[in-house]
2 protein chains.
Amino acid sequence: MQLKNQVEWALHCCAILAGLGPDRHLPTKDLAELHGVPKEYLSKALQALSQAGIVEGTLGPSGGYRLARPAGAITFLNIVEAVEGRQSSFVCTEIRKNNPCRGSMSPAAAGDSRPCAIARVMWEADRAWRASLDGVTLAELAKTLEKTVPAPLLKKTAAWVEART
Amino acid sequence: MQLKNQVEWALHCCAILAGLGPDRHLPTKDLAELHGVPKEYLSKALQALSQAGIVEGTLGPSGGYRLARPAGAITFLNIVEAVEGRQSSFVCTEIRKNNPCRGSMSPAAAGDSRPCAIARVMWEADRAWRASLDGVTLAELAKTLEKTVPAPLLKKTAAWVEART
DNA sequence: TCTATTAAGGATATCAAATATCCGTAATAA
DNA sequence: TTATTACGGATATTTGATATCCTTAATAGA
C-alpha cells in the first residue's frame, strides 16, 4: 500500500507556492523542472488541486498557479485528499456466508445494520491518520522549513522562484 | 491507495481462529470456503501470518492453522504489517535540484542529514495510524463482536466451526 | 507401511491501477 | 496576432495486486 507519487509532488508544489509573493504565479513547466518530474503528469495533480479549490490557475503568458487561500488555511489533509481521494484505505467487502462480522455496505442484504467490527477498527485508524494530516497547515510547514533547512538552501530556492516570477 | 484484500481476509481468519478451542486447527480450505475467497491465494496470506509468528500451521490430516499466541497478545497492527509490510504509505523520493525540502534517504548525496520536513509530517501521520491499529487486540475484537453482533449469527458461526474441528 | 491430507513455497498467468504521453480547445497577456 | 498557458479527453506503458498451478515434505490415521 503506497500513496501515489503525485501526492508527494503536490505537497512540494504547494510548499513552493506558499512561498510566493501575492498575485504571482508559477506555471506547470517550471514546477516540473524544479522537481524533475514529467510536466504532463504533474499537470494532472495540479488540476486535481485546482478542482479542490486549493490552487487556482490563470491562463496565458505569465500565467500559472498560485494558492487559492492563505497557507494557514490549507492542511496536508486537504492536499492529500485532493490527489488521493477520500476513500478509506480499508475497504470492507461483503465477506459471505457464516462470518459473524458482517459488512455495513448493504445492511439490508446482510440483515443487520451494524457495521463490521473489524472494519470499524480499521476505519478508526484511518480517521487517526487523517486527523494527524489535518493538524498541519502549509504555514506551519514553512516555519518548520526555516528551522530545519540550512539557510543557503532556502536562499537558493528563493532566488530560483524570484527568477521565474 | 488501498490495502490489499488479503489484509481483510487475514483479519477475518484471525478473528475466527481466536474463537477456536485450544489445540484445535482449521485448514486453509475451510477458511477459504467460510469467507468465499480463493483458497490458493488466501494461503499466501496465511503463510505471511505464519512467518510473522502470528499463526502456526500443522501438517497432515486434521492439521491446519491456529493462533501462535493468546488473542490478547495479537494486535491489528501485527496482522496488518504481516500481510502489508512495514513500509510507510508515504515514500520520500529524492526530489531534485533546487527544492529546499531534501530527502533523508541519502543524506550524504543531499549534503544534509536532516529529514525532509514534508516527509516527517507524512511519517508522523503514518505513525498515528499504526499506533491506532496497535491499540486493539484480537481479544478486544471478540468482546466487541459479542456486544454488536446478533447472538444467532455468533451461534451459527460457532456451530460451523464446531462442525469442522 | 500405505494413503490421504495438509502447509509451504516456487513459478507463472491475469487483471487493475498507477504512471506517463499525446493531442485538441479555449483563454489571455504581450 | 502570436506565443503561452490551464484544462481535459484519449490512450499507451508499467507496475503491483490478484489468482492459479505445481512440486515437495510432513503427518495423522487406516
Side-chain angles (χ1 to χ4, degrees), chain A residues 1-10 13 17 23-33 35-68 80 82-85 87 89-91 93 95 164-165, chain B residues 1-10 13 17 23-33 35-68 80 82-85 87 89-91 93 95 164-165:
Chain A
M1 188 203 34
Q2 197 170 313
L3 292 164
K4 321 189 201 189
N5 55 13
Q6 282 186 333
V7 170
E8 185 185 14
W9 302 353
C13 286
L17 293 179
D23 287 326
R24 310 185 96 173
H25 301 260
L26 271 180
T28 306
K29 182 169 171 287
D30 289 346
L31 287 168
E33 283 177 4
H35 294 115
V37 300
K39 175 195 154 200
E40 305 282 359
Y41 192 35
L42 173 64
S43 171
K44 302 297 183 188
L46 294 171
Q47 284 173 41
L49 292 175
S50 177
Q51 281 205 330
I54 294 168
V55 302
E56 58 186 15
T58 57
L59 292 173
S62 83
Y65 287 101
R66 65 173 178 185
L67 294 185
V80 169
V83 173
E84 190 66 47
Q87 192 185 48
S89 60
F90 182 81
V91 175
T93 67
I95 284 195
R164 313 269 170 149
T165 53
Chain B
M1 188 205 32
Q2 198 171 314
L3 293 163
K4 323 188 199 190
N5 55 13
Q6 282 186 332
V7 170
E8 185 185 13
W9 304 352
C13 286
L17 293 179
D23 288 326
R24 311 185 97 176
H25 301 260
L26 272 180
T28 307
K29 182 169 172 288
D30 289 346
L31 287 168
E33 283 177 4
H35 294 115
V37 302
K39 175 196 154 200
E40 304 282 358
Y41 191 35
L42 173 64
S43 171
K44 303 296 183 187
L46 293 170
Q47 283 174 41
L49 291 174
S50 178
Q51 281 205 330
I54 293 168
V55 302
E56 58 186 16
T58 59
L59 291 173
S62 82
Y65 288 101
R66 67 173 176 185
L67 294 186
V80 169
V83 174
E84 190 67 45
Q87 191 185 48
S89 60
F90 182 81
V91 175
T93 67
I95 283 195
R164 313 269 169 149
T165 53

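Computed from a predicted structure; not experimentally measured. By convention in this document, chain letters (A, B, ...) are assigned in the order of the sequence lines, proteins followed by strands, and residues within each chain are numbered from 1.
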Validation: residues 36-52 of chain B side-chain donor-acceptor distances under 3.5 Å, sequence neighbours left out:
residue  : atom : partner  : partner atom : Å
Ser43(B) : OG   : Gln47(B) : NE2          : 3.0

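For Leu49(A) and dC7(D), the CG to C1' distance is 14 Å, given to the nearest whole Å. Atom CG of Leu42(B) and atom P of dA17(D) are 17 Å apart (whole Å). What separates CE of Met1(A) from C1' of dA18(C) is a distance of 15 Å, to the nearest Å. If you measure from atom OH of Tyr41(B) to atom C1' of dC22(D), you get 18 Å, rounded to the nearest angstrom. Atoms CD (Gln6(B)) and C1' (dT20(D)) sit 13 Å apart, rounded to a whole Å. Regarding Glu8(B), its CD atom lies at a distance of 16 Å from the P atom of dA17(D), rounded to whole Å. Rounded to a whole Å, the CD atom of Glu33(A) is 13 Å from the P atom of dT4(D). One can place CZ of Arg66(A) at 15 Å from C1' of dT5(D), the figure rounded to the nearest angstrom.
Sorted by first and then second residue, the salt bridge (Lys or Arg N to Asp or Glu O under 4.0 Å) pairs involving residues 56-67 of chain A (not counting sequence neighbours) are Asp23(A)-Arg66(A), Glu56(A)-Arg66(A).
Under the side-chain hydrogen bond (donor to acceptor under 3.5 Å, both in side chains) criterion, Ser89(B) pairs with Asp126(B), not counting sequence neighbours. Partners of Asp30(B) under the side chain to side chain contact (heavy atoms under 4.5 Å, CB included) rule, at least two apart in sequence or in another chain, are Leu26(B), Pro27(B), Glu33(B), Trp160(B), Arg164(B).
Closest to the Trp9(B) side chain, of the nucleotides dT19(C), dA4(C), dA19(D), is dA19(D).
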Within the sub-3.5 Å range, which N or O atoms of nucleotides 7-14 of chain C have a protein N or O partner, and how far apart are they?
residue : atom : partner  : partner atom : Å
dA7(C)  : OP1  : Thr28(B) : N            : 3.1
dA7(C)  : OP1  : Thr28(B) : OG1          : 3.4
dA7(C)  : OP2  : Thr28(B) : OG1          : 3.2
dA8(C)  : OP1  : Ser50(B) : OG           : 2.9
dA8(C)  : OP2  : Tyr65(B) : OH           : 2.2
dG9(C)  : N7   : Gln47(B) : NE2          : 3.2
dG10(C) : O6   : Lys44(B) : NZ           : 2.6

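Of the possible polar contacts, none joining the Gln6(B) side chain to the Val83(B) backbone as a donor-acceptor pair under 3.5 Å is found.
Residue whose closest nucleotide on DNA chain C sits further toward the 5' end, between Leu3(A) and Ser62(A): Leu3(A).
A rotation axis mapping the C1' atoms of four pairs onto the next four is fitted at both ends of the helix from dT1(C)-dA30(D) to dA30(C)-dT1(D) over five pairs, and the angle between these axes is 10° to 10 degrees.
Looking at heavy atoms from C-beta onward, His35(B) lies out of side-chain contact with Glu8(B) at the 4.5 angstrom threshold.
Residue Asn5(A) has a polar side-chain atom (N or O) positioned under 4.0 Å from OP1 or OP2 of dT19(C).
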